[in-house]
Amino acid sequence: MYAWPASKVPVLPGQGPDLTVHDTARGRLHTLEPGPVARLYVCGITPYDATHMGHAATYTAFDLVYRLWLDSGRQVHYVQNVTDVDDPLLERAAATGVDWTELAERETALFREDMTALRMLPPEHYVGAVEAIPRIVPVIERLRAAGAAYGLEGDCYFSVESDPRFGSVSGFDAALMRELSAERGGDPERPGKKNALDPLLWRAARPGEPSWDGGTLGRGRPGWHVECVAIALDHLGMGFDIQGGGSDLVFPHHEMGASHAQVLTGEFPYAQGYVHAGMVGYQGEKMSKSKGNLVLVSQLRKDGVDPAAIRLALLGHHYRSDWEWTDAVLDEAVARLARWRHAVSRPEGPPAEALVGEIRAALADDLNAPEALAAVDRWAETQEREGGAETGGPGQVSRAVDALLGVAL
Ligand code: ZN
């Protein structure tokens with residue numbers, strides 16, 4: 001699958017610091033030290049109701065990671081998937097009388113437009129579940145051959161007990177795991193499973209559902225966790241630097257993915273860091289497809305909102321916090337964008353070296369974008385109050401805000 005066009009990232013003088021970020025598996029901050037090529041996997045959308053502010057906030061967080069790594073002199077191999085066949089997609093298609101492939105294509109196209117408008121750097125590999133099936137099937141077959149998977153009425157399940165490190169990503173207890181499994185696409189109540197938490201690897205063909213050739217597995221379609229594992233291992237290999245996503249993916253999705261990969265390869269860890277973005281609420285509830293309380297990037301764009309202001313609104317909240325989207329949040333961002341653009345519109349201004357250092361330091365400290373924004377605010381205030389004698393100061397600020405925050409002034 002193709003991704004979307006990349007905006008050019010200005011190269012800043014000097015080199016940024018390494019990223020210290022909160023790792024869910026360690027339960028604390030951890031400084032990542034990627035090699036010359038940093039490896040990032042971020043779970044993509046299931047293509048319907050794209051792109052709401054919860055999605056946009058998550059992808060903004062990992063876009064900052066990408067930009068920081070570039071600024072530290074590294075290349076970045078970024079992989080993202082699209083779950084273009086799954087129960088929720090098929091259910092939505094059936095409920096609205098739309099062909100599921102059309103729905104997936106239309107929503108993926110909309111997502112690409114939104115990502116381009118928000119200046120998100122594109123993944124090098126943007127991979128759909130359907131196109132990855134020939135890679136997913138052998139992964140399941142190998143798990144089965146290793147005794148880590150079993151059949152149940154034609155379906156195939158992963159045995160969580162085959163991984164002695166199961167639980168090492170979330171650290172959750174069995175009761176919470178069971179509760180979350182039921183909430184987030186698992187089937188802990190299904191009779192005949194070895195462990196209630198065991199997730200589906202392969203769902204045998206059902207009448208009226210799409211299915212593909214699964215070799216020794218028979219016709220069917222893949223489970224969600226193994227989809228990401230097959231794609232990540234194919235393009236990044238074990239021990240990649242960051243597995244990212246929203247905090248609702250900690251369990252079961254990222255826990256199961258890590259277990260699948262660790263059992264499959266005998267290596268640990270699957271990822272050096274598990275990084276999770278908070279949830280964005282609207283009108284008192286988590287923004288989600290099931291609640292129907294979505295604020296869409298495309299709708300705001302249609303209403304004439306500058307995508308740079310949407311991006312600033314997202315950056316105004318720390319990525320790990322849960323927060324609420326309101327009209328005031330957007331109004332503040334629009335005003336801030338206008339202040340910044342006014343401040344950089346003259347050739348002279350206060351020196352920018354210190355500001356570039358402040359933005360770098362704030363972002364390297366667990367992606368503290370609100371602190372980076374506050375530093376630019378202070379520079380803009382000084383510029384408006386005193387102006388300054390240094391030619392090129394505003395230009396340097398505008399390049400730094402572009403390169404590190406992805407906002408074009
Ligand atoms: Zn995933």
Side-chain angles (χ1 to χ4, degrees), residues 1 3 23-25 39-51 54-55 57-59 61-63 65-66 77-89 104 107-108 111 115 120 122-133 135-136 139-140 143 158 160 163 166 168-170 180-181 183-186 197 199-203 221-265 269-277 279 288-289:
M1 209 173 261
D23 170 30
T24 302
R39 295 173 293 164
L40 172 66
Y41 187 97
V42 182
C43 290
I45 57 163
T46 299
Y48 64 98
D49 293 339
T51 312
H55 294 140
T58 296
Y59 297 116
F62 296 101
D63 191 64
V65 170
Y66 194 147
H77 280 190
Y78 176 19
V79 179
Q80 190 181 129
N81 67 306
V82 191
T83 304
D84 57 0
V85 63
D86 200 9
D87 293 344
L89 175 72
E107 292 288 317
T108 305
F111 180 72
M115 292 297 103
M120 304 284 186
E124 187 183 30
H125 297 283
Y126 190 49
V127 187
V130 171
E131 66 183 340
I133 287 173
R135 308 257 189 222
I136 299 170
V139 166
I140 302 172
L143 284 170
F158 175 73
V160 296
D163 177 20
F166 177 71
S168 63
V169 173
S170 67
L180 293 174
S181 169
E183 264 176 39
R184 299 173 180 168
L197 298 174
L200 194 68
L201 291 167
W202 188 254
R203 178 176 162 88
R221 59 184 164 94
W224 174 37
H225 318 309
V226 73
E227 165 198 335
C228 280
V229 169
I231 295 169
L233 292 182
D234 193 24
H235 295 289
L236 298 174
M238 281 299 277
F240 59 89
D241 297 291
I242 286 183
Q243 160 73 81
S247 59
D248 53 351
L249 299 190
V250 172
F251 192 91
H253 189 52
H254 289 168
E255 188 77 73
M256 296 301 178
S259 266
H260 291 1
Q262 283 153 198
V263 170
L264 189 74
T265 63
Y270 177 50
Q272 305 297 336
Y274 296 86
V275 179
H276 294 103
M279 295 289 116
S288 76
K289 40 217 171 196

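Below, all heavy atoms of this structure are taken into account, side chains as well, without hydrogens, waters or symmetry copies. Counting starts at 1 for both ligands and their atoms, following the listed order.
R203 CZ to D87 CG: the interatomic distance, rounded to the nearest 0.5 Å, is 5.5 Å. Between C228 atom SG and Q80 atom CD the span is 9.5 Å, to the nearest 0.5 Å.
Under the 30°/60° scheme for interplanar angles, the aromatic rings of W224 and H253 are found to lie parallel. Relative ring orientation between Y78 and Y66 is described as perpendicular, the plane-to-plane angle rising above 60° on a 0-90° scale split at 30° and 60°.
Counting only distance, with no hydrogens or angles, the side chain of R39 and the backbone of G239 share a donor-acceptor pair below 3.5 Å.
The set of protein atoms (N, O or S) found at less than 2.8 Å from the Zn ion (ligand 1) reads C43 SG, C228 SG, H253 NE2, by chain and number.
With ring centers used as reference points, Y59 lies under 6.0 Å from F111.
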